[in-house]
Amino acid sequence: MRRSMLFLPGNNPNMLINGNCLGADAIIFDLEDAVAPGEKDAARILVRNTMKYLDFGCETIVRINSIDTPYWQKNIELPYDKFDSHSAQ
């Protein structure tokens, strides 16, 4: 059951790293309005690496930009696969 959802701005490393400290049932990595246009590329990489190397122990979701913006396609191009060679070890 999802009782609480914690939205974390994708461009804030401290918030991403400490996101599991508050005990939310789901963590949403926000790449949409929480991230300024000039920081979107860096935020995508930061979110991808956070998901790849950290285990939050709860549901994780990536909030992307709307399809009527120029950003949404890049948001889904980066691999967010948690089941790569690193996490399989």
Charged N to carboxylate O below 4.0 Å: is that the case for Asp25 and Arg2? no
Do Cys58 and Asn20 come close enough that some side-chain heavy atom pair is under 4.5 Å? no
Glu59 side chain reached by Ile61 side chain, heavy atoms, under 4.5 Å: yes
Quick one: does Val62's side chain get under 4.5 Å of Val47's, heavy atoms only? yes
Check: Leu8 and Asp30 side chains under 4.5 Å, non-hydrogen atoms: no
With a 3.5 Å distance limit and no angle check, can you tell me whether Asn12 reaches the backbone of Met15 through a side-chain donor-acceptor pair? yes
ILVMFWY cluster, Leu22 and Ile28 together (side-chain gap under 4.5 Å): no
Nearest-0.5 Å distance, CG of residue Asn11 to CZ of residue Phe29: 13.0 Å
Test item: Lys74 and Asn65 side chains (from C-beta on) under 4.5 Å apart, heavy atoms: no
Beyond-backbone contact of Arg44 with Tyr71, side-chain heavy atoms, under 4.5 angstrom: yes
Are Met51 and Phe56 grouped together when hydrophobic residues (ILVMFWY) are joined by side-chain heavy atoms under 4.5 angstrom apart? yes
About how many Å separate CD of Glu32 and OG of Ser66, when rounded to the nearest 0.5 Å? 7.0 Å
Side-chain contact, heavy-atom cut-off 4.5 Å: Leu46 with Leu16? yes
Establish whether Leu54 and Leu6 are linked, either directly or via other cluster members, by ILVMFWY side-chain heavy-atom contacts under 4.5 Å. yes
Interatomic distance, CG@Asn75 vs CD1@Ile67, rounded to 0.5 Å, equals 13.0 Å
Whether the side chain of Lys40 engages the backbone of Leu31 through a donor-acceptor N/O pair (distance < 3.5 Å, no angle test) should be reported. yes
Are Ile45 and Asp41 side-chain neighbours, meaning at least one heavy-atom pair lies under 4.5 Å? no
